[in-house]
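Throughout, protein chains are lettered first and strands after them, A, B, ... in sequence-line order, and every chain is numbered starting at 1.
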There are 2 protein chains.
Amino acid sequence: MGTTQLESVPEPKYWHLKTVIGEALDSDFAVGEILPNERELAARFGVARATLRQALEQLELEGRLQRRRGVGTTVAPPRVGVDVSTTQHTWPGVGEDTWQSVDSAAGTAPAAVARLLEITADEPVHVVRRLRVTEGQPVAAELLYVPSGSVPGLGAVEVPGGVDRARSVLRELQRLALDGQDRSVELGSARADDARELDRLPGAPVLVVTTRYLSEGGTAAVSVATYRADTCKLTFGDSGEMVMAS
Amino acid sequence: MGTTQLESVPEPKYWHLKTVIGEALDSDFAVGEILPNERELAARFGVARATLRQALEQLELEGRLQRRRGVGTTVAPPRVGVDVSTTQHTWPGVGEDTWQSVDSAAGTAPAAVARLLEITADEPVHVVRRLRVTEGQPVAAELLYVPSGSVPGLGAVEVPGGVDRARSVLRELQRLALDGQDRSVELGSARADDARELDRLPGAPVLVVTTRYLSEGGTAAVSVATYRADTCKLTFGDSGEMVMAS
DNA sequence: GAGTGGTCTAGACCACTAT
DNA sequence: TAGTGGTCTAGACCACTCG
């Protein structure tokens, strides 16, 4: 006797906890069901609350739990598949109801975006803010950067920021010939403003989808879309509109 | 007087710290440079080590820092863009040097994969393990599931698990007509075996790319590829082979 | 006001890497 | 063996939601 465990490679407690709780979620809980609170769970497993939280954080990262301050921890539904394929070859905002224009204003692009647009950081751009809603839930917040040079027809318009202005920018953009687009996906953490629109806390993990719209040999616009990583699965259909099983 | 701050919405300390350190990284540090250790940084900012770590974790999640136990915290290089576009319409392993076959064995598919393959969870499948290497660094670990029914020519072969066996499975697969593929990307945390191959700790954030290979009206194979989320940016070119600027 | 998750502290010890 | 990041504890207080 003496040794409590024979594990030659001791597994961290939170890792083991995550496994145990994960299995319990499969067998003993239904989607939407509320878990015991963190203090009770920690006591039940005989660990400090911080350790328990580390396990819950991982499960939330994997989309299996949802935690809301002041409410509790619930079992999350399977991730929603949101289509972000590039097969349509269309400008943003054509015949779609998935994206809602929120507003638009004149401004400048952050350095990384300016580089993609092949402009300098102080050149004026139209910034269009849109929100993607699926099944009643906001899943993504987007900032669309359109250099003034891409939509010269908008030069004289002086609509104060708002939905109408956003629609005008999109309309002007759609006049251009779209040559192609490319896209990248990376992990990020939600900025304060995006987090608010996505009903998450700042710093929440998000999937950042950066799209470059190409026209006449150059980059006519760049979209930076921030998807909730906990609830979303991005799908890239290739053959027709195949939908992945959940 | 009296109130120390007029912030109506007090920002968490770790959030503020993340901003401060992030700016310092831009201005005062070069890629690869090593930061002061956590205990010193915490003391310098007058916070507990756990709080400092929360800020570092976020920066690591955003790919700006790299932490290695026993070594220290270094400034990470910009994320590597890895192409995962579906424009080529080819089976895995044709004329590529980006993926290295590691080994293969007979086994069964996890429930979620079996569902995509439209088989039951106990049907035999070939499981091929591959590793994607870019610029000398392992960026992704893949498990390719091929139902025995998809490659009947392999029925009699009884090569014990190994690289040769993996190559045979891929070769047989490439005999089939590829009708299309679809792909999904979601956030996950690295399983222990993937983590080891990717030189990360278990639970590290990863981008999970699930690909379904379609042939003759069904799903001939499913690939589950686990990309390091800290170092990778997935790119989906659409117009030729456009490469996103880093 | 009661109850929840979120933040923060000041320690301790462990696993790993380099010298 | 010294120094690093990783894990863990046992508290405390705060911000938020809801009855």
Exercise. Got a donor-acceptor contact below 3.5 angstrom from the Arg67(A) side chain to the Glu60(A) backbone?
Worked result: no

Problem set entry | Nucleotide of dG5(C), dG5(D), dC8(D) approaching Arg67(B) most closely (side-chain heavy atoms) | dG5(D)

For this session: Look at the side chain of Gln54(B) and decide which nucleotide, out of dT4(D), dT9(D), dT7(C), has an atom nearest to it.
Result: dT7(C)

For this session: Without swapping roles, check the side chain of Arg79(A) against the backbone of Leu187(B) for a donor-acceptor pair under 3.5 Å.
Result: yes

Problem set entry | salt bridge (Lys or Arg N to Asp or Glu O under 4.0 Å) evaluation trace for Arg53(A) with Glu38(A) | CA-CA 7 Å; Arg53(A) 278 179 62 81; Glu38(A) 296 183 349; 3.0 Å; yes

For this session: Look at the side-chain N and O atoms of Thr73(B) and state whether any lies under 4.0 Å from the OP1 or OP2 oxygen of dG5(D).
Result: yes

Exercise. Considering only heavy atoms and no angle criterion, is a donor-acceptor pair shorter than 3.5 Å present between the side chain of Arg39(A) and the base of dG5(C)?
Worked result: yes

Problem set entry | Rounded distance in Å - CD (Glu57(B)) to P (dT7(C)) | 12 Å

Exercise. Leu59(B) has an atom CG; how far is it from atom P of dG5(D), in whole Å?
Worked result: 14 Å

For this session: State plainly whether the residues Asp194(A) and Arg191(A) are in salt-bridge range, i.e. N to O under 4.0 Å.
Result: yes

Exercise. Nearest nucleotide by nearest heavy atom, which residue falls closer to the 5' end of DNA chain D, Ala50(B) or Leu35(B)?
Worked result: Leu35(B)

For this session: Go through the structure and list residues passing salt bridge (Lys or Arg N to Asp or Glu O under 4.0 Å) with Asp26(B), not counting sequence neighbours.
Result: Arg64(B)

For this session: May I ask you to evaluate whether Tyr14(A) reaches the phosphate of dC8(D), defined as a side-chain N or O under 4.0 Å from OP1 or OP2?
Result: no

For this session: Please tell me which of the listed nucleotides, dG5(D), dG6(C), dC8(C), lies nearest to the side chain of Arg53(B)?
Result: dG5(D)

Exercise. dT17(D) P sits how many Å from Ile34(A) CD1, rounded?
Worked result: 14 Å

Exercise. Starting at the 5' end of DNA chain D, which residue's closest nucleotide do you reach first, Thr51(A) or Pro36(B)?
Worked result: Pro36(B)

Exercise. How long is the line joining CG of Leu201(B) and C1' of dG5(D), in whole Å?
Worked result: 9 Å

Exercise. Judged by atom type as modelled, is there a donor-acceptor pair below 3.5 Å linking the side chain of Glu33(A) to the main-chain atoms of Ala30(A)?
Worked result: yes

Seminar exercise, completed: In whole angstroms, the gap separating P of dG6(D) from CD of Gln66(B) amounts to 11 Å

Problem set entry | Closest to side chain of Val47(B), choosing from dC8(C), dT9(C), dG5(C) | dT9(C)

Seminar exercise, completed: note: Leu65(A), atom CG; dT4(C), atom C1'; distance rounded to Å ~ 15 Å

For this session: Would you kindly compare Pro202(A) and Arg68(B) by the position of their nearest DNA chain C nucleotide and give the one closer to the 5′ end?
Result: Pro202(A)

Problem set entry | Rounded distance in Å - CG (Leu17(A)) to C1' (dC8(D)) | 12 Å

Problem set entry | Distance-only donor-acceptor test, Arg69(A) side-chain atoms vs dG3(C) base atoms, 3.5 Å | no

Problem set entry | Minimum-distance nucleotide to Val71(B) side chain [options: dT17(C), dC8(C), dA10(D)] | dT17(C)

Exercise. From the list dG6(C), dT9(C), dT4(D), which nucleotide is the closest neighbour of the side chain of Lys13(B)?
Worked result: dT9(C)

Problem set entry | Spacing between Glu38(A) atom CD and dA12(D) atom P, to the nearest angstrom | 17 Å

Exercise. Is any side-chain N or O of Asn37(B) closer than 4.0 Å to OP1 or OP2 of dT4(D)?
Worked result: yes

